[in-house]
Number of protein chains: 2
Amino acid sequence: MFFMSVSTQPCCVPLMAAPLSEPDAERLADALKSLADPVRLRLVSLIAASDSGSACACDLTTPTGKSQATVSHHLSQLVKAGIIKREQRGKWAFFSLDTERIESVCAALTSRTAVGDPA
Amino acid sequence: MFFMSVSTQPCCVPLMAAPLSEPDAERLADALKSLADPVRLRLVSLIAASDSGSACACDLTTPTGKSQATVSHHLSQLVKAGIIKREQRGKWAFFSLDTERIESVCAALTSRTAVGDPA
DNA sequence: CTCATATATCGATGTCCATCGATATATGAG
DNA sequence: CTCATATATCGATGGACATCGATATATGAG
């Protein structure tokens with residue numbers, strides 16, 4: 001059977017295994033773009049540092065030094081990209097990391113073989 | 001001695017170990033931005049797929065479907081970010097990956113401990 | 001219900017950047 | 001030297017996006 005260049009998962013086909021198709025490059029770039037912002041990186045970092053592994057949006061505004069609207073915007077971007085997950089608790093929104101997704105992005109950047117490839 | 005939040009290397013302080021400082025976030029974001037573009041990802045992928053591990057700029061224009069000026073611009077961005085290295089051979093410019101740098105960016109995204117930290 | 005609070009969305013604005021044609025620079029051939 | 005080719009830089013342009021104040025929506029308290 002032919003080698004399938006399009007992954008069954010939305011993210012992410014490895015860079016080093018073979019030349020990336022344009023759609024695959026677009027997908028990986030979108031995932032990386034969601035991380036390629038200092039405010040979003042600090043949000044991810046703050047969530048990771050939370051005791052329970054999840055953080056309330058109300059606790060993420062002050063440490064970033066940004067407006068509530070801006071923080072909400074960035075959190076939405078991260079959720080949309082699958083980097084973090086949102087959970088409603090009463091009137092508070094809690095966010096936690098999707099570690100697998102982050103690792104999958106890194107794997108695409110470093111691994112020399114396609115997912116599921118022997119050797 | 002105190003834990004140093006500023007790495008001795010320009011890149012990259014791990015996200016998950018502790019809340020990222022703004023300068024550290026900025027640095028990591030810059031590294032990620034250099035990768036967060038579909039054309040640049042395809043360039044990296046094409047270089048990785050080259051037989052000798054390095055590719056001539058002249059061979060990278062056609063497969064990306066971009067103008068010579070655009071490709072040159074993207075290659076410069078990647079060199080500036082330390083993702084690839086440039087080498088002049090006669091009138092041709094050859095580019096090769098800095099694998100360590102790419103892995104260092106990924107390590108910053110996934111590792112739960114600072115570089116050199118015990119356990 | 002009303003009110004307060006938490007979060008999301010809207011609209012505007014300024015900035016960054018990908019892109020390209022044109023041009024400059026560099027390198028070697030003859 | 002001149003010429004051809006490879007690559008880099010310049011300047012302009014269009015689009016994407018980070019940011020914020022204002023406002024809308026959601027959720028619970030009383």
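In what follows, chains carry the letters A, B, and so on, assigned in the order in which the sequence lines appear, proteins first and then strands, with residues in each chain numbered from 1. It should be emphasised that the depicted structure is a prediction, and the values quoted were computed from it without experimental measurement.
Among the protein residues, B/A69 comes within range of the nucleic acid bases, having at least one heavy atom under 4.0 Å from a base atom. Within 4.0 Å (heavy atoms only), B/V39 reaches sugar-phosphate atoms of the nucleic acid but no base atom.
For B/D59 and D/dA6, the CG to C1' distance is 12 Å, given to the nearest whole Å. A straight line from CD of B/E26 to P of D/dA18 spans 13 Å, rounded to a whole angstrom. Straight-line distance from the CD atom of A/E87 to the C1' atom of C/dA6: 16 Å, rounded to whole Å. Atom pair B/L32:CG and D/dA18:P shows a separation of 14 Å (rounding to whole Å applied). In this structure, the NE2 atom of B/H74 is 16 Å from the P atom of D/dT7, given to the nearest Å. Between A/L43 atom CG and D/dA18 atom C1' the separation is 13 Å, expressed in whole Å. Here D/dT9 presents its P atom at 12 Å from CG of B/L75, a figure rounded to the nearest Å. What separates CZ of B/R86 from C1' of C/dA26 is a distance of 10 Å, to the nearest Å.
You'll find a donor-acceptor pair under 3.5 Å spanning the side chain of B/Q68 and the base of D/dA8, going by distance alone.
Between B/K66 and C/dT19 there is a side-chain polar atom (N or O) within less than 4.0 angstrom of OP1 or OP2. The phosphate of D/dC20 (OP1 or OP2) has a side-chain N or O of A/T70 nearer than 4.0 angstrom. Contact between the side-chain N/O atoms of A/R40 and the OP1/OP2 oxygens of D/dA18 is found at a separation under 4.0 Å.
For D/dA26, the paired nucleotide is C/dT5, the pair qualifying as Watson-Crick or G-U wobble because both relevant distances are below 3.5 Å. The nucleotide D/dA12 finds its pairing partner in C/dT19, both defining distances of the Watson-Crick or G-U wobble pair being shorter than 3.5 Å.
Closest heavy-atom contact between A/L41 and B/A29: CD1-N, 3.5 Å.
Proximity note for A/A57 (side chain, C-beta onward) versus D/dA18, C/dT9, C/dT7: the nearest is C/dT7. Comparing C/dC20, D/dC17, C/dA4 against the side chain of A/K33 picks out D/dC17 as the nearest. When distances run from any side-chain atom of B/S72 to the nucleotides C/dT27, D/dA18, D/dT9, the shortest one goes to D/dT9.
Residue A/W92 is the one, among A/W92 and A/H73, whose nearest nucleotide of DNA chain C lies closer to the 5' end (criterion: closest heavy atom).
A salt bridge links B/D24 to B/R27: at least one charged side-chain nitrogen sits closer than 4.0 Å to a carboxylate oxygen. A salt bridge is absent between B/R101 and B/E103; no separation between the charged side-chain nitrogens and carboxylate oxygens falls under 4.0 Å.
Distance alone, capped at 3.5 Å, is enough to place a donor-acceptor pair between the A/T110 side chain and the A/C106 backbone.
In summary, the side chains of A/S54 and A/S52 do present a donor paired with an acceptor at a separation below 3.5 Å, with no hydrogens or angles considered.
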